[in-house]
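Keep in mind that this is a model prediction, so the values were computed, not measured. Just so you know, these numbers use all the heavy atoms, side chains as well, and skip hydrogens, waters and symmetry mates. Sequence lines set the chain letters: A, B, ... in the order given, protein chains first and strands last, and positions in each chain run from 1.
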Amino acid sequence: MPLPAVVGGQVVAMQDPKFLTRRRFLGGALTLVAVPALGACRRGDGAATARDALADAPATSDGHGEIAATPKPIGRWLVPGGTTLSPERYAMLLATMDALIPGDAVSPGATDAHAAWYLDQLLGAFRSQPPRIYAGGPYSGRHGGINAFSSFQPLTRIETLRWRTYLEGSKDASGNAIPEREWNGPVKGLQQHYAEGLDALNAAALKDNGKGLAQIDADAVRTLLDSADETFVQLVYQHAVEGTYGDPVYGGNYQQSGWKAIDYEGDRQPIGYTARQMSHPEEG
Amino acid sequence: MAQDFDAIIVGSGAGGGIVAWVLASKGWKVALLEKGRSAYPTLGAPVLRQSLFGNDELRRRRYFGFHDPFIEPRTIVQSAGGLAQQKEFQGLGVTVGGGTVFYDGDSPRVTQLDLRMLSTFGPVPGASMVDWPISYEDLAPHYDEVERLIGVQGAAGADPFAEKRGPYPMPPGRPAKVGTILSKGAKVLGYHPHPMPMANNSIAYRGRPACVDCGFCAMGCPIDAKGSTAVTVIRDALLTGNLTLLPECCVTQVLKTPKGDHATGVEFLDKDGKPSTLNAKHIILAANAIETPRLLLASGIGNSSGLLGKNLMFHMVFAAVGTFEEEIRSYRSRVVAHALADFTVPDGSKDYIRGGYVELGGQIQPVEYGATLPRQVHKALMVSGKFRRKIASVSMMGEDVPQEGNRIELDPKVRDVYGRPVARVTYVRHVHDQTVIDRYMPKLTAIAKAAGATGVMEVDFVKEDGVPESKHLLGTTRMGDDAKLSVTDKWGRLHDIDNVWVADGGVFPTSTAFNPTLTQQALAHRLATYLMNPAGQGKVTP
């Protein structure tokens, strides 16, 4: 049995005095664990972060796309050209993801990993052919073998319908239903979810701070998120995690910064691990 | 009517793949319809190259080759008269190879005791306990054959509670630290840990390489070292020239004669979404214990007993997850390397029957882990690695006693992308199963502590209201000798129709104390052997 559900399942007892004692890991953990990293964002000014966000650019082969247009400064952020989201919303997304997974002195955060670019690539997956949904197989090429990951796979008919509906929703540009996308009723697409969610956060920022989401600092964004629509915050959080620790070919985890931050080896095929690496992981 | 095929198989997973091989290898013309896509562009070619899987969590999170709740939702009812809620529920692989593409490969056998629960222990109030209509002796030769076909590693005689058996096709693979330290802890307490029988190559086997322990089993094996049915029996069947593999074809109906006691073929949507039909002498359904009853209910077939879709079972999966001061990195390994069967034997308690098989190991990758952390503690826990690199898990497969109320029906409103009514699941946990969890959890914790854990999280792998997270789908077309009390006979054939067969976990009358895949495959092998030659009564002939 793989372990993912350890953290999603219901913890019925904790016997680690140093850690948690509450019945539910998910609710209980929040109040009991001190998190020094949260307050200590290393960036004093927005420009450093913005440079990180821009460093996305170079090659198309590693999934980081080509950013041709001149970067645009918005609030504390520099927004790369060629984004699927509007530049204003992209800046809001940078601010939100930075608040969710901050960088600090020792480890990079979501913006360093280009998690915003990752999400933007997903939203605009159909701007490329094949769409940037499923990387190729079997290898990344980082450990030998060919780099097949960067050749994205053509989608099947059902996969195309699925991802178009999921990303774009079930209505056409004039708001009319596209029947084949409404097998189970109308669907609001991920693009619209993001547009509305970011605009709502921005409106809240203007109301509470007198400044937009892209203008306020990370602590102020975190305060906003705590009283925002948690469904949307969770959506952004999931994508921030994917963009920070997922394979770089999808546009995030820039130069494997997410993996380096947590001492993780990433993909291992075709070499895998040696017998020594398996039996003596403490040696590194 | 002219027949297109001798047999049509619906679903290419654990059972369907095995049936395809047995029939095609004996010269039958077989069509294998699979709703999902193929991830093997060269599966039927002389040289197998390049799967489209990779060490990549995101393609798995985006449901590549997997049950996708966005296009095929399921609705769940958790109490009498409760509201049906649309949820992600018990997904398995939807691709050529089905669930065996993504499973760990755990391949233990059951024991004779597992097949005689009612006669050994008597009834359990509120549960529909029964004996299986077959014995371990009936299954044994089919286990042998399946293990040889898909390639199973293990050490014969290492598990003192297992039935007697011959050598495994290959020896156990390389030990990982997680299994070594947990085994040591279990031995201190007098238990009998042994190498987990796994459908992963420890050595090069039948044209496929040895496993390199990359730890990404759940994302599909990029080098075909795992014995999924795709790269073993289905590939072998394609090479006979007798198998027509039809991926991206979704079966919508089993077609029958006007009298209704004989099936004529299937109706399906092809790759382009066009409705089409195929005829055959026999129809074998192997779509899994949720999808097979769903298809039968939609076709109006097989329910004269009123039990079709009922007695749905999973397994209670619960674990003591030890946290250690030292690096464990349990992801540097195939998912499980060691197990113990001590708790599958009754301990004399009057409150419950027994526990189940225990896996020593388990692993987690960072996106899955990070995404389930509360966002406020994300950074600290990701960097410390406490619950990712420094954990070792002792988890039990608790038997799920059968209950008629736990069932699959057709949802009256919700539709899938193919326009079909979705499966509606009703499931309530039995008090027996909860008792087993309560009583055995401390024993699992003791093993983790004996192994050196400084802390232990006791985890019930459960969705809200007692629905287990197990991916073991069992029991909705239970087999038995009495047509009033079961849906299929002891071969897996529907009592109601003489040429429709079930070759998935649905035929399990009780859930057993073990991971079920190898047993599903042995049952499928037995079914196909009988189908080819009924006079042989399912005996394996060389």
Residue among [options] with most heavy-atom pairs under 4.5 Å to chain B:
options                                : answer
A:Gln269, A:Gln238, A:Glu282           : A:Gln269
A:Gly246, A:Pro270, A:Ala135, A:Ala261 : A:Ala135
A:Leu161, A:Asp226, A:Thr156, A:Thr165 : A:Thr156
A:Ile271, A:Asp267, A:Thr274, A:Val233 : A:Asp267
A:Arg268, A:Glu159, A:Glu265           : A:Glu265

Check whether [X] gets within reach of chain A through its side chain, its backbone, both or neither, counting any heavy atom under 4.5 Å.
X        : value
B:Asp416 : backbone
B:Ile181 : neither
B:Tyr103 : neither
B:Tyr418 : side chain
B:Glu248 : side chain

For the student: nearest non-hydrogen atoms of B:Phe70 and A:Val187, plus distance: CZ-CG1, 4.0 Å
Considering all heavy atoms, the nearest A:Asn184-B:Pro73 contact: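 Closest heavy-atom pair between A:Asn184 and B:Pro73: ND2-CG, 3.9 Å.
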Does any N or O in the side chain of [X] come within less than 3.5 Å of the main-chain N or O of [Y], such that one atom is a donor and the other an acceptor?
X        : Y        : value
A:Arg157 : B:Lys271 : yes
B:Arg388 : A:Ile262 : yes
A:Gln153 : B:Leu52  : yes

Could you pull out all donor-acceptor pairs under 3.5 Å where a side-chain atom in residues 210-219 of chain B meets a protein atom, sequence neighbours excluded?
from, atom 1, to, atom 2, distance (Å)
B:Asp213, OD1, B:Arg334, N, 2.9
B:Asp213, OD1, B:Arg334, NH1, 2.9
B:Asp213, OD2, B:Arg174, NE, 3.3
B:Asp213, OD2, B:Arg174, NH2, 3.1

Does the side chain of [Y] come within less than 4.5 Å of [X]'s, by heavy atoms?
X        : Y        : value
A:Arg222 : B:Arg375 : no
A:Tyr118 : B:Leu58  : yes
B:Arg332 : A:Gln277 : yes
B:Glu72  : A:Trp183 : no
B:Ile71  : A:Tyr166 : no
A:Val241 : B:His378 : yes

Among [options], which residue has the highest count of heavy-atom pairs closer than 4.5 Å to chain A?
options                                : value
B:Gly419, B:Ala371, B:Ala453           : B:Ala371
B:Gly179, B:Gly273, B:Ser384, B:Gly385 : B:Gly273
B:Ala320, B:Ser333, B:Pro175           : B:Pro175
B:Arg62, B:Glu57, B:Lys177, B:Arg37    : B:Arg62
B:Val383, B:Val178, B:Ile437, B:Asp56  : B:Asp56

Is chain B contacted by the side chain of [X], its backbone, both, or neither, given a heavy-atom distance below 4.5 Å?
X        : value
A:Glu182 : neither
A:Leu225 : both
A:Ala275 : both

Qualifying residue for side chain to side chain donor-acceptor pair (under 3.5 Å) with A:Tyr264, from B:Arg389, B:Gln365, B:Arg329: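 Going through B:Arg389, B:Gln365, B:Arg329 one by one, the side chain to side chain donor-acceptor pair (under 3.5 Å) with A:Tyr264 is satisfied by B:Gln365 alone.
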